[in-house]
Protein chains: 2
Amino acid sequence: MATGRTHRPATRSRGIPEATVARLPLYLRALTALSERSVPTVSSEELAAAAGVNSAKLRKDFSYLGSYGTRGVGYDVEYLVYQISRELGLTQDWPVVIVGIGNLGAALANYGGFSARGFRVAALIDADPAMAGKPVAGMAVQHTDDLEKIIEENGVSIGVIATPAGAAQQVSERLIAAGVTSILNFAPTVLSVPDGVDVRKVDLSIELQILAFHEQRKAGEEAAAAASEPGSAVGGAAPAAAVVPPAGRTAAEARKGGPEGDVPAVMPA
Amino acid sequence: MATGRTHRPATRSRGIPEATVARLPLYLRALTALSERSVPTVSSEELAAAAGVNSAKLRKDFSYLGSYGTRGVGYDVEYLVYQISRELGLTQDWPVVIVGIGNLGAALANYGGFSARGFRVAALIDADPAMAGKPVAGMAVQHTDDLEKIIEENGVSIGVIATPAGAAQQVSERLIAAGVTSILNFAPTVLSVPDGVDVRKVDLSIELQILAFHEQRKAGEEAAAAASEPGSAVGGAAPAAAVVPPAGRTAAEARKGGPEGDVPAVMPA
DNA sequence: CAATCTTTGTGCACGCGTTCACAAAGGCAT
DNA sequence: ATGCCTTTGTGAACGCGTGCACAAAGATTG
């Protein structure tokens with residue numbers, strides 16, 4: 001289609017919706033699996049099933065990248081792998097540093113998924129002098145003192161923070177000052193960074209808490225179906241109200257009931 | 001406001017938007033920190049800043065839970081901690097099992113953020129017989145054979161999968177058959193589960209790929225600002241196009257150019 | 001007790017993302 | 001070459017989430 005497309009680059013190049021970008025790695029993974037099985041083409045329906053999304057959504061996502069795909073046939077697997085890789089910037093090599101080599105940092109260093117996708121762990125950095133020099137994932141841990149030097153010498157622009165929460169902000173500032181412009185943060189803190197720096201956060205306990213919310217809702221509905229006792233219906237198998245509300249309130253306490261009226265039941269008089 | 005609230009429970013109890021639920025743990029963390037510093041009250045503005053969100057959004061989020069908060073003053077920290085904990089189901093104890101005790105599984109087992117939030121690691125399970133009995137995080141690893149028994153005896157409803165991708169689907173099926181209804185999946189695969197089972201996925205490499213996309217865009221814009229050479233502008237410091245497009249295409253290849261016109265430059269004739 | 005000041009709670013509008021549904025496009029069989 | 005059949009690409013409608021802006025509520029001060 002080298003014919004009628006001279007006016008769209010600006011619209012599309014920066015116009016790929018964030019939600020679509022977040023799904024591209026998913027498609028890429030599914031396509032890679034198909035590629036390894038030497039499947040030549042896939043329909044949007046098949047690929048959508050493999051990636052766990054709606055086929056219409058997948059087609060719209062691909063439409064932002066361009067018109068790859070042949071009507072009546074589907075998409076060429078290899079070609080699409082290449083296009084998505086290129087769009088995501090995976091046709092080049094991204095050196096990353098991991099800061100904070102505790103349990104999680106070590107797990108990340110050993111994680112095969114990084115190198116498989118064009119990411120190269122350039123260095124492991126830790127603040128503990130006792131860690132310095134120790135081999136983790138076949139690589140010697142380096143001390144925080146050399147952070148700036150490491151970033152600059154390796155041209156690192158992506159940093160992974162796996163430190164305790166208390167150290168994260170300071171580490172991020174040093175990383176950014178040294179030239180890092182993208183951060184993947186595993187520390188349970190909100191990082192404040194200047195404009196132009198991207199931060200993505202992964203918080204393991206948050207995910208569990210979201211699951212707990214839904215789990216509780218399921219249990220609550222079950223119980224509500226059996227008996228509609230407002231005081232003790234919530235919290236299926238495990239004993240509810242292991243925590244009592246704090247006593248630090250005075251006026252507000254008496255005034256406000258819980259949302260369902262089940263709080264008074266567990267509130268101390 | 002204890003007066004006119006007799007018709008809302010149904011609207012609210014199941015009406016908390018998913019986006020709000022996902023932010024509650026964030027608020028909870030910020031509030032816990034304030035609580036430890038013995039701060040009695042916070043305004044929506046302050047709390048929003050601490051949680052890294054917009055204050056209007058925070059107030060709207062809280063409004064789904066009920067009318068906690070006092071106009072002119074703010075929110076009572078302790079009271080809010082309790083309300084959010086209760087809403088998230090953290091006032092009860094959730095036993096979880098971790099399946100797959102590799103680097104990541106071990107890191108999760110050692111992760112303090114779980115027990116701090118009402119989650120209790122009930123068991124560590126691995127398929128490798130050599131792992132069985134080994135202590136990880138002060139707990140003996142158990143073999144997959146006993147998975148069902150462990151789930152039932154401990155009343156586990158939340159499972160964490162940290163196995164290789166190939167084993168994840170089968171593990172999930174066994175977990176679900178044994179009674180688990182919520183799964184946190186770290187394996188890079190799409191799990192297909194029956195209705196009523198919640199799955200949340202965390203994929204470390206996907207997060208990095210999203211960062212790489214933005215990183216590439218930054219580099220591309222920089223380069224585009226300097227020179228507007230369409231063939232080689234993309235890919236700042238690192239050499240672009242380390243991967244060449246596959247040769248498996250015939251007709252489609254000639255027909256379709258890249259989105260910016262930069263594909264022809266790296267395509268083999 | 002009245003006036004003022006602070007901060008919540010929310011109605012409203014806007015924009016993004018999702019989904020439906022279908023016309024256009026291309027392969028394939030006859 | 002023609003018609004049929006499959007699948008893409010996308011216009012349009014819908015719904016959710018976000019942010020603004022303000023009225024209502026309560027504390028506080030004189």
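Naming convention: chains lettered A, B, ... in sequence-line order (proteins, then strands); numbering from 1 in each chain. Being a predicted model, the structure only gives us computed values, none of them experimental.
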Q: Give me the residues of residues 28-53 of chain A where at least one heavy atom lies under 4.0 Å from an atom of DNA chain C, by number, or none.
A: none
Q. Under 3.5 Å, is there a donor-acceptor pair between the Q169(B) and E173(B) side chains?
A. yes
Q: Would you mind building the protein contact string for nucleotides 16-23 of chain D? One character per nucleotide, 5' to 3', B for base within reach (heavy atoms under 4.0 Å), S for sugar-phosphate only, - for untouched.
A: -SSBBB--
(Q) Under the criterion side chain to side chain contact (heavy atoms under 4.5 Å, CB included), I'd like the reasoning laid out for K201(A) against L191(A): C-alpha separation, chi angles, the key distance, then a yes or no. (A) CA-CA 9 Å; K201(A) 71 193 306 306; L191(A) 294 182; over 6 Å; no
Q | E46(B) vs V39(B), side chain to side chain contact (heavy atoms under 4.5 Å, CB included): CA-CA, chis, key distance, verdict | A | CA-CA 12 Å; E46(B) 293 167 319; V39(B) 177; over 6 Å; no
Q | Test side chain to side chain donor-acceptor pair (under 3.5 Å) applied to T32(A) and E36(A), step by step | A | CA-CA 6 Å; T32(A) 304; E36(A) 277 164 12; over 6 Å; no
Q: Would you mind telling me which residue lines up with the more 5' stretch of DNA chain C, G74(B) or G72(A), judged by nearest nucleotide?
A: G74(B)
Q. Please give, in whole Å, the distance from dT8(D) C1' to D76(A) CG?
A. 15 Å
Q | Beyond-backbone contact of I176(B) with P194(B), side-chain heavy atoms, under 4.5 angstrom | A | yes
Q: Have a look at Y75(B) and say if it touches a base, only the backbone sugar-phosphate, or nothing, with a 4.0 Å heavy-atom cut-off.
A: sugar-phosphate
Q: Select one nucleotide: of dG9(D), dG9(C), dG26(D), the one nearest the side-chain heavy atoms of T70(B).
A: dG26(D)
Q) Within this structure, what is the CG-to-P distance between L58(A) and dT19(C), rounded to whole angstrom? A) 12 Å
Q: For Y68(A) and dA25(C), give me the distance from atom OH to atom C1', rounded to whole Å.
A: 19 Å
Q) Can you find a pair of side-chain heavy atoms, one from L47(B) and one from L34(B), that are under 4.5 Å apart? A) yes
Q) Taking side chain as C-beta onward, heavy atoms only, is L90(A) less than 4.5 Å from F119(A)? A) yes
Q | Side chain to side chain, R117(A) and L208(B), heavy atoms closer than 4.5 Å | A | no
